[in-house]
Each structure stands twice: as structure tokens, then as C-alpha cells.
Chemist: 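Have a look at this one before I ask anything.
Just so we're on the same page: letters track the sequence lines, and every chain starts at 1. Computation of the quantities below employed the complete heavy-atom set of this structure, encompassing side-chain atoms and omitting hydrogens, waters and symmetry-equivalent molecules.
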There are 4 protein chains.
Amino acid sequence: MRADARRNRELIVTTAADLFVERGPEVSMEEIARAAGVGVGTLYRHFPDRRALVEAISVDALQRLLDYGRAVSEQDVSGWEALRLIVRRCTELPLALATSVTGGSALPGRAELPGLVQAVNAELEWAAARAQREGTLRRDIPAREVIALISVAVCRPGARIDDPLVRVVFDGLRATGA
Amino acid sequence: MRADARRNRELIVTTAADLFVERGPEVSMEEIARAAGVGVGTLYRHFPDRRALVEAISVDALQRLLDYGRAVSEQDVSGWEALRLIVRRCTELPLALATSVTGGSALPGRAELPGLVQAVNAELEWAAARAQREGTLRRDIPAREVIALISVAVCRPGARIDDPLVRVVFDGLRATGA
Amino acid sequence: MRADARRNRELIVTTAADLFVERGPEVSMEEIARAAGVGVGTLYRHFPDRRALVEAISVDALQRLLDYGRAVSEQDVSGWEALRLIVRRCTELPLALATSVTGGSALPGRAELPGLVQAVNAELEWAAARAQREGTLRRDIPAREVIALISVAVCRPGARIDDPLVRVVFDGLRATGA
Amino acid sequence: MRADARRNRELIVTTAADLFVERGPEVSMEEIARAAGVGVGTLYRHFPDRRALVEAISVDALQRLLDYGRAVSEQDVSGWEALRLIVRRCTELPLALATSVTGGSALPGRAELPGLVQAVNAELEWAAARAQREGTLRRDIPAREVIALISVAVCRPGARIDDPLVRVVFDGLRATGA
DNA sequence: TATGAATGAGTGTTCATTCAT
DNA sequence: GATGAATGAACACTCATTCAT
């Protein structure tokens, strides 16, 4: 892939992600192309249809989340803190587009997706397990379910790390002794 | 209003609500009409445009919720239990259509809406206040905010009373001593 | 025909005529009915379709014009003055609805129409002939054509007796010696 | 603008103008597109809505009229003759669509319109003024009003240079001495 | 007989997608 | 490879007309 083509592709993905966040999921392909400064034709050369574009945005977002999650894991932070950091990152990324990221059932098109979701979940589960060992995260909920829970709380459009909802979820997950 | 017209109106509202829940917010007016067994014209006679239909569904749902909430309040149940009952009812009603029940800012068309939202909130706040007095609901969060929180947790499409999310929110709201 | 039915009929015709003049030819049947204070059903009982209503308005207008023309003819006014009076009356009646009143070709539905048009034309032609004899109307244009001419000038929507157009037409028709 | 796009645009404008003249102002967009041999989408790409199309037709017609008027002015013809030539051209162009050429008040959408109307009026006024100086056009009517008058006579659907109406208007405008 | 609710074909318009330039 | 013009199916909405109450 030529350098300029790759640059166009990235440009389209990030522009589209921004537009979707700002203006809802009904933005037209024409408008996305215009905002990215390319013609529709170019957009369609990179993404055969609208679905493919949404998938690409999701893959991109998950990839960034995974990179971040791994970076966090390599640092010396507690499991609980790691959980918080990753969750904050979630609220900055357009994860809500692909309806249920954790389920992964929504977008069967791209082969990477399940793998990515798996990898992100693994990262989260590892943090959760650590937090449970550290005694800061409730032990009566399986780590797997904790992740599902956090996903629902955080993968809504407009979710924020300091939302009352997110705050209370974290409170609800806090081990009572902590 | 003639009896058959009223019957049609109700039929349309409930059919549309079901369709919106089952198939998302993009169902076409034509399809709604067909599902209700009427012509598009009839649909448009009752609701001048799509917005008006969504509003009617919301008003209807809120009205049912309010009726239920009042019935609950008249029975001899604890504040905490009242909260749970009302929340369960929420998950059975198409409240998510009107974006945010508490804000009520979304649908300025119908005059009843703000009043209904107010009334429902009053009912919820009363239950919450009772629960706080009973020592089952955290006292460090204002009742008003508790309501907002519950609304977010429960007014999502597909929310269920036994969702992990809802469960954890309730856990997070439980007074630590209880 | 019952008295109230007749009253309804007249009410509908005049109301519709006014509405057509005020708001253009696209007013809906529903709106006409509402303005007349009856249901659409009643409107359709009197006039089987929209065309029939327009025809009725035209017939009504022509009838009034004819009545007026005959009244004028029975008075002691010059041919030229009679022409002016009848023309003024034209501008007060909704004649423009039926596109070309003189031609009569437009509305083949009602049997009265050609006869009425004929009668009105006869009245006008008689006035024109007198005016030509009196030496006030150009003799080099056949009376028949004079009438056609006046019709065009005066059967436009919004025509007025003191329009520049109407004024100049009369000037152009004035015998040069007069 | 690409060559084929420009060709399509012109094709649409002229086809639509013809259709409007032949079949009245209610022709459907679908039909216009079909007659022009393009899809509706193409029509709407060029003209965002029906109004815009009518405006474009008017602008086009006025532009042609202006070109013709200027060409006439540059030739050695009398003011009266210039008036007649321009008026004949009017009857060949779809000017009646834009309700009143002189007022120009009708179509505020396109910026060119008032300017074009102005320019055409200027051309006509200049011819009228010359005709008044030449003694062929009545001097007791201001040139401005003469133009308004001619406009009404000639901007009717179906107006023709040899209409009795137009003929008589010209007769009415002729200086009595001429 | 009067009413107004119901009907559904038809209109303007949008937008994902294709394809000539 | 990039562009944006062309396409047409699909949608929201209107309104003349019919028919149950």
C-alpha cells in the first residue's frame, strides 16, 4: 500500500470516528468524505461499504485500547488502578459504535475483531484478577462478569470516567473491606 | 374522539413501541402502519410526524410507569423495595426511546412530558428518601442524583432488572451498614 | 333539496372561492371543508370531486356576472360605460379559476357552462356593438375579438379595474376620434 | 464543473422549461428527470429542490433575454422597434414561471435574479426612453410603468407577440400623434 | 344526512453505492 | 489511484377520495 493511500485511510478512519461521535451514527458517507477532504470514490476504495468503515473504526479503537492496556500492564500500578486507567481510555475512544464490543457478536466482517476483543478482555481480566488478589475488587463476581459489567457502563455514547454511573459501578465493585 | 379511532391510536402506539424495541429506531412508518394493520394515512392522522409518534410512545410509557409507581406507593412496602419494583417496571417499558427520562429535555413537543417526568421523579425520590431513612440506601448521595443514576442504568435499550449492571448499581447504592 | 342542504352548498361554494383567491389553487379539500364549517363528507356529497367544485364556483361566478350584466343593460348607460361596469364586476368575481372563461373549452363537465359563457358574451358583445355605434369603441376590431381581449386582460388572478394593464387595454380600444 | 455535468445541467433546465410550458407547473420531478433522460438523483444533485430548478429556469431565460436585448441595442433600430423585438423574444422564453419579472420579488433564492431583472429592465427602459424621444411612445406614462405594463401583458403563460392583448397594449402605448 | 376516520397512490427528497472521467 | 457525477431504491409525508359510524 502506497504511503499516501495509507495516509488517506487513516485520515478517513479518524475523521469518520470524530464525526460519528459528534453527530450521531447517521452521518452520510458523502459528508464523511468531504470532512476528510477526499472524494466518495476514495472512501469506497478503502471501505467497500458503510459497515466496513464502522468496523475499521472499531478495530482501530480496539487496537489503540489494547496498546494502551499493554503499556499500563507493563507499568507498576495496582490492578484496581490499571482497571481505572483502561476504563478512562475507553471513554476517550469511539467504542460505542460497534454495539457490544465485548460480545463481539455484532461485526462478523473483520477477522481481527474477535481476536482484538479477546486480547483487550484478557488485559482487563488480568487487571481484575490482580485487583481481586489485592483485595480491592469484590471476589463474589467472576472477573469475566466484572468486565462485561464495566463494558456496559463505559461503552455508551457519551460515557465519561466521572459519570455518576461509572462512579457507582466502581463503588459497587469495590470490595467491602477496602 | 370516536371509539374506533381511539382503539386504532392505542394499537398504533403499542405496535410501534414493540417494533422500535425489536428492530431499533429506524423502522419505517410504512412498516409500523402495516404491523398495526392500518394505512399510513391513518398513522399520520394520529401523529403528524415521526417525532410525534415517538413522543406519544414515551408519554404512554411514562403514564404507565407513573400509574404503577403510585400503586406501589400505596402499598405497604419498604422504600428500597419500592425502588426495585419501579425499576423493574422501567425495564418492561419502552422508556429508552425518549433519550433521557430524567432530563426530559429531549422532547419539547408535548406539554405533558415534563409534568410526567416530574411526577415519576417525585415518586422515585419519595421512595429513595424513605429508603435513606430506613438505612438501606446510601445517604452520601443526594436522592436526586440517585434517581439520575438509576435512570441511566435502566433507560438503556435492553436493560433488565437482573442485568449485572443494574445489580451492581443497586449494590453500589446500598448503604454499607445494611 | 332541503333548505339546510342548499345553505351548505352555497356556503361551500363561496368559502372555497374565497380560499382559492386568497391562497392559490392548491388549497386542500379538507381545508375548504374546515373553513366552511362542514365535514369533508358533506363537501363530497355536494361535489363528487375537486373538479366539480371548481366548476360550481365558475358557474356561480358566471351566473352572478350575467345577472349583473343584464341589470346593467336594462339601465340607461352608454355602451362604453356598460363595458366598464361589467369589466369591473369581473375583477370582483373568481373568474380566473376556470382558465379560459370565454373559450369555455376548459370545463366540459357542467352543461350550464357553455350556455352561461355564451350569454355573458352576448351581453358583452351587445354593449360593445353599442359602443362602436356610439363611436367610442374602435370599429376596426370585431366585437367578438374585443371581448376575447378584455377577457384575457381581466380574467387573470389579481386583475383590478385600475390596473395599468386594464387601463391601457381600454385606451387601446378607444376609438381614436373619441 | 465537468463537461458532462454541465451538459446534463443544461439538458435538465431546457427539458424542464419545456415540460413546464407544455404541461403546467405541477409536473413531477420524477417526470422531469425521465424526460431529460437522467435519474432523479442527478436532477437533485444539480438543483437541491424544486424551487431551485424553477429559479434556474428563470435565470436562464432572463440571461437569454438580456443577451438578446443587448444585441438589439447594439443594432441600428428605433426605440419602438427594439421594444417590439425584445417583447417578441419574451414570448418565446419561459418567463412566466418566475411570477413577475419586473417585481423580481418572487424568487429570493438566487443572488443573480435581482441583478438580471434590473439589467433587463434597464435595457427595456432605455428602448422606451428612446421611443418616447422619437415620439412613437406615449409620454404621459413613465417609462418605468410602461415596462411594468408590458411585463404583465407578455409574461403570461401562452403569451404571443400577435396576441390581441399584446397588440392592443402596443396600440394603447402608441403616441396619439404617431 | 352529516361527520370525520381510513385509505393508499403519489410526491419531494435523501443517500448508499457504482462508474465514467 | 482519485474524483465526484449518476443512479435509483427507499423514506417521510400529503391529499383526493371512500366509507363506517
Chemist: Salt bridge between B:Arg2 and B:Asp4, side-chain N to carboxylate O under 4.0 Å?
Modeler: yes
Chemist: Once you round it to whole Å, what is the distance between C1' of E:dA5 and CZ of B:Arg6?
Modeler: 14 Å
Chemist: Give me the atom names and distance for the closest heavy-atom approach of B:Leu19 to B:Ile32.
Modeler: CD1-CA, 3.8 Å
Chemist: What is the minimum heavy-atom distance between A:Ala56 and A:Phe47, and which atoms define it?
Modeler: CB-CE2, 3.4 Å
Chemist: Please determine if a side-chain N or O atom of D:His46 lies less than 4.0 Å away from the OP1 or OP2 oxygen of F:dA6.
Modeler: yes
Chemist: Please report, rounded to the nearest Å, how far the P atom of E:dT14 is from the CG atom of D:Leu43.
Modeler: 12 Å
Chemist: Is the shortest side-chain N/O distance from D:Thr42 to OP1 or OP2 of F:dA5 below 4.0 Å?
Modeler: no
Chemist: Any side-chain heavy-atom pair from D:Asp18 and D:Glu22 closer than 4.5 angstrom?
Modeler: yes
Chemist: Encode nucleotides 12-21 of chain F as B, S and - characters from 5' to 3', where the letter depends on protein heavy atoms closer than 4.0 Å: B to the base, S only to sugar-phosphate, - to neither.
Modeler: SBB-SBB---
Chemist: List the atom of C:Ala36, the atom of C:Leu11, and the distance in Å for their closest heavy-atom pair.
Modeler: O-CD2, 3.2 Å
Chemist: Can you see which heavy atom on B:Leu43 is nearest to which on B:Ile12, and at what distance?
Modeler: CA-CD1, 4.0 Å
Chemist: Which pair of non-hydrogen atoms, one from A:Pro94 and one from A:Val21, has the smallest distance, and what is that distance?
Modeler: CB-CG2, 4.1 Å
Chemist: Is it true that atom CZ of C:Arg64 has more than 12 heavy atoms of other residues, nucleotides or ligands lying nearer than 6.0 Å?
Modeler: no
Chemist: Could you tell me the separation between the CD1 atom of A:Ile32 and the P atom of E:dC15, rounded to a whole number of Å?
Modeler: 11 Å
Chemist: Using Watson-Crick and G-U wobble pairs with both distances under 3.5 Å, what is the 5'-to-3' dot-bracket string of DNA chain E, with [ ] for crossing pairs and | for pairs outside the strand?
Modeler: .||||||||||||||||||||
Chemist: Atom CG of D:Asn8 and atom C1' of F:dG4: how far apart are they, to the nearest Å?
Modeler: 13 Å
Chemist: For A:Phe47 and E:dA16, what is the distance between atoms CZ and C1' respectively, to the nearest whole Å?
Modeler: 16 Å
Chemist: Whole-Å distance between E:dG12 C1' and D:Arg45 CZ?
Modeler: 18 Å
Chemist: Closest nucleotide of DNA chain F for D:Gly39 versus for A:Gly39: which of these residues is on the 5' side?
Modeler: A:Gly39
Chemist: Provide the closest heavy-atom pair for C:Leu93 versus C:Ala61 in the form atom of the first, atom of the second, distance.
Modeler: CD1-O, 3.6 Å
Chemist: How many Å lie between CZ on B:Arg7 and C1' on E:dA6, as a whole number?
Modeler: 14 Å
